[in-house]
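Read the numbers this way: they start at 1 and go in the same order the structure lists the ligands and their atoms. Quantities reported herein were computed from a predicted structural model and do not represent experimental measurements.
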Amino acid sequence: MRRNILVVDKDNGSLAALPELLKAAGYEVIHVHTHHETRSTLTKEHFAVVIAGLEEHHAQKQSLLKSIKANTPDTEVILVSRAARVDAAVRAMQMGAFHFLSLPENPADLLVIVDKAMEKCFLQSEVNELRQILKKQQTKPTLIGQSAPMQELKKEIARIAPLDCTVLIQGETGTGKEMVAKMIHKLSSRTDKRFYAINAGVFSPELLANELFGHEKGAFTGAQSTKEGIFEAANNGTLLLDEIGEMPVNMQVQLLRVLQERTITRVGGTSDISIDVRVIAATHRNLEKLVEKNQFRQDLFYRLNVFTLRLPALRERPDDIPLFCNFFIEKYCKTFGKKVTGLSENAMLALMRHSYPGNVRELENIIERAVVLCDSGTIHLAHLPQEFSIGTKRTRKTHTNNTHRTLADVEQEHITQVLHSVDGNKASAAKILGIDRATLWRKLKKYSL
Ligand SMILES: Nc1ncnc2c1ncn2[C@@H]1O[C@H](COP(=O)(O)OP(=O)(O)OP(=O)(O)O)[C@@H](O)[C@H]1O
């Protein structure tokens, strides 16, 4: 940002010495004398500070101030008058002037005020820049995944996000349902409004009604004042109703009414309050099955099921595991101030073979722990939970054919286990196994290890 100042001095008299003083202090200065010059300079250039000199009438100064603040709100305006009246000063400050003062005996005294105005202007511009960066970061989608199901999912999200319809997200725990809901909100026209999430499965029906719809003063013992519910707070925004499959049946009726009529009634209240909220529902349960068992209302299911997104389990998209690993390593290196650059081949292999019942959340926790434990630049098997050090191949075989294993199976299993324990170092493995490296190499080839 430039440190430039416009000095408006109509009679080229009282502020005549100021431009030179400002230049000597390191500022770029343009000095104008007429109303017309002032307007045309302001349309061509953006100034950090404008100093408007004394001979202008107050009304003219106010109109100049008004137009500057309307066009370039970050420009700081200092008004100088021969006899500054209190009422005029108050009015000017209300209109956004940085300062309104009488002409000091020594124009150099003005420099202190100019410096302060310049500092404010710079700080404001920095704040604006940081806000922009933050906004970009917040809106930047970070839905990791390049596998075919994830690419399909991203396309679906981009397609339905702007449509402002109800969305149902189904997926196992930890697959990223809340993250997808946030992304839909970010990519929708409601992006500047609030996103709320509530877990519908953890409240009793009474508490859930209170959370969702709020209450009127005196609605129940302890309701000492009126409280807005989450539907009102999220007005014009998006509300994620997580674990919708766990929602008590009588609350399902009330939710259906909200979705159909777009109004809510606070607990203990009588009047309807209009709301405009996009509802996204998420569940790890199979709602169709719950409907069949009469545990979920069919009419509500149809209402929610306008668009359904099915999030794939992590084991259905192993190609994404390395991407997630890098993403979470970077994330937790930042959090913990560590320098970890990647994973050893064995550690990556073990992570690829795992079945992840907890999906992405489980993988994230594993990587977070590994980053904390890792003192070198690479995550090794030893940094993963113990179960990963027991060869997954071995585990698979043990599961499938526990009692009738051949000698070759046992040998293969033992070699795999030893190799894992030394992080793939063949020389060390051969030593432990009591064979030479060439023999180990032949066995690895034989068993395709
Ligand atoms: N595609 C993804 N990209 C980046 N991070 C992800 C992705 N999917 C999930 N995560 C991360 O995994 C964790 C779990 O995600 P989230 O809470 O959205 O899952 P969920 O399906 O809503 O889980 P639950 O059913 O248990 O509420 C979060 O930390 C989230 O940031």
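Distance from atom 1 (N) of ligand 1 to its nearest protein heavy atom, with residue and atom name: I144 O, 3.0 Å. Looking at atom 22 (O) of ligand 1, its nearest protein heavy atom turns out to be E178 N, 3.0 Å. When hydrogens are left out, the protein atom nearest atom 27 (O) of ligand 1 is D242 OD2, 3.6 Å; that is the closest non-hydrogen contact.
For the residue pair N359 / T175, no side-chain donor-acceptor distance below 3.5 Å is found, with atom types taken as modelled. Checking S125 against N128 by side-chain atom types alone, no donor-acceptor pair falls below 3.5 Å.
Residue contacts with ligand 1: G145 is excluded, as none of its non-hydrogen atoms falls under 4.0 Å. Distances shorter than 4.0 angstrom do not occur between any heavy atom of H284 and any atom of ligand 1.
Residue M179 holds the heavy atom nearest to atom 6 (C) of ligand 1 of all those in K177, E362, M179. For atom 28 (C) of ligand 1, the nearest non-hydrogen atom from the set E364, M150, R361 comes from E364.
The environment of E119 atom CD is sparse: at most 12 non-hydrogen atoms of other residues, nucleotides or ligands sit within 6.0 angstrom.
The pair K116-E76 does not meet the salt-bridge criterion, since no charged nitrogen lies less than 4.0 angstrom from a carboxylate oxygen. We find that R159 and E156 are joined by a salt bridge, their nearest charged nitrogen and carboxylate oxygen being less than 4.0 Å apart. The pair E316-R310 does not meet the salt-bridge criterion, since no charged nitrogen lies less than 4.0 angstrom from a carboxylate oxygen.
No part of N359 comes within 4.0 Å of ligand 1, judged by heavy-atom distances.
Judged purely by atom type and a 3.5 angstrom limit, R278 has no side-chain atom pairing as donor or acceptor with the backbone of L239. No donor-acceptor distance shorter than 3.5 angstrom exists from the side chain of R194 to the backbone of N236, with no hydrogens or angles considered.
Annotation: V360 places no N or O atom under 3.5 Å from an N or O atom of ligand 1; distance criterion only. Here's the thing with T173: one of its N/O atoms is less than 3.5 angstrom from an N/O atom of ligand 1. Some N or O of G176 is nearer than 3.5 Å to an N or O of ligand 1, by distance alone.
Side-chain contact check for L241 versus M251: every heavy-atom pair is 4.5 Å or farther apart.
Listed by number with element, the atoms of ligand 1 under 4.0 angstrom from any heavy atom of F324 are 1 (N), 2 (C), 3 (N), 4 (C), 7 (C). Of all atoms in ligand 1, listed by their number and element, those nearer than 4.0 Å to a heavy atom of T142 are 3 (N), 4 (C).
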